[in-house]
Each structure stands twice: as structure tokens, then as C-alpha cells.
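Comments concern the structure below.
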Amino acid sequence: MTTNYIGIGRVTGPVYELPAGPLTTSVLGNYTVFDRTSGQNFANSDDLYLLLSGFPYRNTPSSNPNHRDTLSGRNGGRGAGVQ
Amino acid sequence: MSLYAELGYVYMRSKYSFPQALSLSLTATDALNPFRTGVTPGFVGRPVRIFFDTADIADPSVFEERETIRGVLGVKGKLFEKWEWSLDGSYDYNHTYTSSNNTVNLLPSLLGAGFTGTDAVTGQPQVPAPQTTRRAVYPVLAITASSPSRPPTRTNIGTATVTPAP
């Protein structure tokens, strides 16, 4: 099971006027909360395992929770095409 | 200023089964070995490996279910004359469930040597039941080949292949 909460804020605008058009920049902030839980469970017959090993079935379930908070920022520029 | 939203839902479910290749290695003196030592007077015997299909046990199967929910909610607007801003939040949820069932997987161990390791809880050596007891649970080569008049009720030895063991 995985859940993601992502918040993104962005401001975009021109910073320089080129002959072909405006050079645009964008500033972005990103906050992500990530959660993941995975696991396995097993079942088998005790009767069968007693025949095979002399012992009942030994289950070995597993669980692997994972949590991550990420705060990141980015800046990018873009030149406009010929208008 | 404007508001935008997006919502998505995906659901996938699958179920399938598949045949599993099973084999049993028999020593030259194994009572199940059709080429065993002394099967006819003076025959030396040789180890064989038998490939078989269990016609009366269901094939291994897998059930899988996946679910995804995704939502986005955002707002955007103008900033000064030529600048724009946006703020959005998204949420997504994925859930995958897989269940597999394999009834025949331990059959070669049941008919062969059993388990010979140590018990995970007690640390004591594993001691399988006598081979004759285990083989009585599923007499693998004892019963019927398939035929039009008598469908297979036990191991389908009609599809068994006997090859010399390496």
C-alpha cells in the first residue's frame, strides 16, 4: 500500500525580453509525504509439515513500513519561440 | 484566479493458473523405480528422474487486485501584469493485493527425502516421517493413466516422461 501527499507551488513569469520573445522562468517548491507498507504472509498445512519435517508449519510473515518527507525546490528557464 | 481539480480511479483484477513441472528422482533401488535393481533377475538397475503431471490436483493459481485513487486540487492566478502563480495539492493511494496458491509445490519433497534442515523455532533437526508413510498420502505412480473410458483420477502418468538421472 502506498500513499503520496504532494503539494506544489509555482511562480512563472518573464525575466528578459529577447528578440524572439520573452525568456520565462519558473520557481517551484515541492513538499511530498510518502508512505509505503508492504508485507507477506504465508499459510500451510500443519499435517503436511509434520510429515515433511516432524514440526508444524512455521509462518514467517514480514512487514516493511517506509515513510519519507521530502522538501525540494527548482528553478527553470525557457526561451520563447519566434512569435 | 481559477480553481482546478482532477480525480482518477483505476481498478484491476486478475486471476490465472499455470501448470507446474514436477519431477521425482528415484534411486536404482527405489521401489517406485520401474528400472530398479532386480526388477528382473540379474538387472543392475539405474536411477531415473520421472516428470509427472497431477491431474487430480489443481494447478497453482494467482489472484491479484490493484487499486489506485488519485486526486488533484489546485488554484492559480495572475501576479502583477505578466507573472502567474499556481498552488496545488495531490493525493494518490495505491493498494496491491496478491494471493497465490500452490498445492503441488511440496509434492516432490513429500515423495522424496522430506526436509532435512533445522526447525526455525526449536533449532532441532527436522525428522521427516518414513518415506513409505509419506508416499502413502499420494501414491504418485500407482494409479491410472488417462483413457477415453476412464478419466484420470490420480497422477496422470500418461504424460509422465522417464529420463535417466544425471
Side-chain angles (χ1 to χ4, degrees), chain A residues 1-18 21-62 64 66 70 73-75 77-78 80 83, chain B residues 66-103 105-107 109-131 133-138:
Chain A
M1 185 184 74
T2 306
T3 55
N4 266 308
Y5 293 93
I6 303 174
I8 297 175
R10 187 198 307 260
V11 176
T12 305
V15 290
Y16 191 74
E17 279 296 328
L18 295 169
L23 175 68
T24 305
T25 190
S26 182
V27 179
L28 181 147
N30 175 18
Y31 181 67
T32 301
V33 179
F34 169 86
D35 274 292
R36 176 186 173 89
T37 305
S38 60
Q40 285 185 304
N41 196 21
F42 307 89
N44 221 312
S45 157
D46 281 344
D47 290 340
L48 176 62
Y49 265 72
L50 282 168
L51 283 170
L52 285 167
S53 68
F55 294 94
Y57 178 66
R58 310 298 195 189
N59 188 15
T60 51
S62 65
N64 182 23
N66 189 318
T70 307
R74 201 166 59 199
N75 173 261
R78 189 185 69 206
Q83 293 180 335
Chain B
R66 294 183 193 174
E67 190 177 36
T68 299
I69 300 169
R70 182 174 183 272
V72 179
L73 184 65
V75 59
K76 62 183 177 182
K78 283 279 187 184
L79 189 66
F80 310 120
E81 187 184 349
K82 296 181 177 177
W83 285 70
E84 295 174 347
W85 62 270
S86 69
L87 190 64
D88 60 61
S90 69
Y91 166 79
D92 68 76
Y93 166 86
N94 296 280
H95 184 252
T96 301
Y97 172 78
T98 303
S99 172
S100 62
N101 186 22
N102 192 328
T103 311
N105 202 33
L106 292 175
L107 204 48
S109 296
L110 180 73
L111 303 170
F115 293 163
T116 54
T118 55
D119 179 55
V121 174
T122 64
Q124 299 295 311
Q126 295 173 320
V127 182
Q131 193 175 55
T133 305
R134 286 183 281 114
R135 284 185 175 176
V137 175
Y138 192 84

Worksheet item: Is A:E17 atom CD crowded by more than 12 heavy atoms from other residues, nucleotides or ligands, each under 6.0 Å away?
Response: yes
Worksheet entry | B:F80, CZ: over 12 other non-hydrogen atoms inside 6.0 angstrom | no
Where does [X] contact chain A at under 4.5 Å (heavy atoms): side chain, backbone, both or neither?
X	answer
B:L110	both
B:Q124	both
B:P130	neither

Distance from [X] atom [atom1] to [Y] atom [atom2], nearest 0.5 Å?
X	Y	atom1	atom2	answer
B:L87	A:I8	CG	CD1	9.5 Å
A:R10	B:D88	CZ	CG	8.0 Å
A:T37	B:H95	OG1	NE2	9.5 Å
B:D92	A:T2	CG	OG1	8.0 Å
A:T24	B:E84	OG1	CD	9.5 Å
B:L106	A:L51	CG	CG	11.5 Å

Under 4.5 Å from any heavy atom of chain B, what part of [X] do you find: side chain, backbone, both or neither?
X	result
A:N44	side chain
A:Y31	neither
A:L48	side chain

Practice prompt. Establish, yes or no, whether a centroid distance under 6.0 Å links the rings of B:F115 and A:F55.
Written response: no
Practice prompt. Please report the shortest heavy-atom distance between B:T122 and A:R58, naming the atom on each side.
Written response: CG2-NH2, 4.0 Å
Fill in: Heavy-atom side-chain proximity of B:W83 to A:V15 below 4.5 angstrom
yes
Worksheet item: Top residue by heavy-atom pair count (under 4.5 Å) with chain B, among A:P14, A:G7, A:S38, A:G9?
Response: A:P14
Worksheet item: Under a 4.5 Å heavy-atom cutoff, which of A:V11, A:T3, A:T32, A:L52 has the most pairs with chain B?
Response: A:L52
